[in-house]
Novice: 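Take this structure first; my questions come after.
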Amino acid sequence: MGDMPIFAFILLGIMLFAFAAISFLFFLIDHRDRLYTFDDDAIMNSDSFECVFRRVGGAKYEHTSLKLSFLKNDKAKLEYSSKPSEGARTVEQEFDVPAELAMRLREMYKEHCIPVLSDCEKREDINGDIPVSSVTFSAKEQSYTIDSEQILPENSKTLISDIEQMLMSYVK
């Protein structure tokens, strides 16, 4: 009978330690965007990268694609492809754009911490009549994608449409 309080105390200590460890783990998961470093990130550190915006699907099966390629020689190229509805003719164009556009996209990538956002959960209330928009950042063998079906944090809710507007401003 005398050993029971010691055993209960040890068991309580183990349970408190386990609870603290689990709480710390969830804290780290919730604050990944503050803890992520871009030291080994190929998109931030390489001489070239790509950013691709796509809008696909919906009631009319629309397909729009904007692909920005930033090349090693400080030149950027924007490829535009659009098919507004099923059966319509596809329009394709290519533009030379300022390298500053690529730098602004890299700043947005870093500001919103895209590697962390790419892990956000998908929404359950998906409407098949609305096209899905996505943005993919890639360089070397690294690639991160966010899309309109994900639950994004409040400060990143307009990120995909902001990138679309930025890229579309160069399409004539």
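All residue numbers in this chain count up from 1 along the given sequence.
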Novice: Side-chain atoms of residues 128-141: list all donor-acceptor pairs with protein atoms under 3.5 Å, sequence neighbours left out, distances to 0.1 Å.
Specialist:
{"from": "Thr136", "atom 1": "OG1", "to": "Thr145", "atom 2": "OG1", "distance (Å)": "2.9"}

Novice: For the atom pair CD (Glu92) and NZ (Lys83), what is the distance rounded to the nearest 0.5 Å?
Specialist: 11.0 Å

Novice: Do Leu159 and Ile114 have side-chain heavy atoms sitting under 4.5 Å apart?
Specialist: yes

Novice: So, does Ser156 use its side chain to make a donor-acceptor pair with the main chain of Pro153 at under 3.5 Å?
Specialist: no

Novice: If you take all heavy atoms of Met44 and Arg106, which pair is closest and at what distance?
Specialist: SD-O, 3.7 Å

Novice: So do the side chains of Asp96 and Lys75 get within less than 4.5 Å of each other, counting heavy atoms only?
Specialist: no

Novice: So Val171 and Gln93, do their side chains get closer than 4.5 Å, heavy atoms only?
Specialist: yes

Novice: Side-chain contact test, heavy atoms from C-beta onward, threshold under 4.5 Å: evaluate it for Leu167 versus Leu105 and give yes or no.
Specialist: yes

Novice: Salt bridge or not between Asp147 and Arg54? Use side-chain N to carboxylate O under 4.0 Å.
Specialist: no

Novice: Taking the side chain as every heavy atom from C-beta outward, state whether Leu101 and Phe70 have any pair of such atoms under 4.5 Å apart.
Specialist: no

Novice: Checking the side chain of Gln150 only, and the main-chain atoms of Ser118 only, is there a donor and an acceptor separated by less than 3.5 Å?
Specialist: yes

Novice: Could you tell me if the side chain of Phe49 sits less than 4.5 Å from the side chain of Tyr109, heavy atoms only?
Specialist: no

Novice: Looking at every heavy atom in both Lys157 and Leu152, which two are closest together, and how far apart are they?
Specialist: NZ-O, 3.1 Å

Novice: Is any side-chain heavy atom of Lys67 less than 4.5 Å from a side-chain heavy atom of Ser69?
Specialist: yes

Novice: Starting at OG of Ser169, measure out to CG of Leu78 and round the result to the nearest 0.5 Å.
Specialist: 9.0 Å

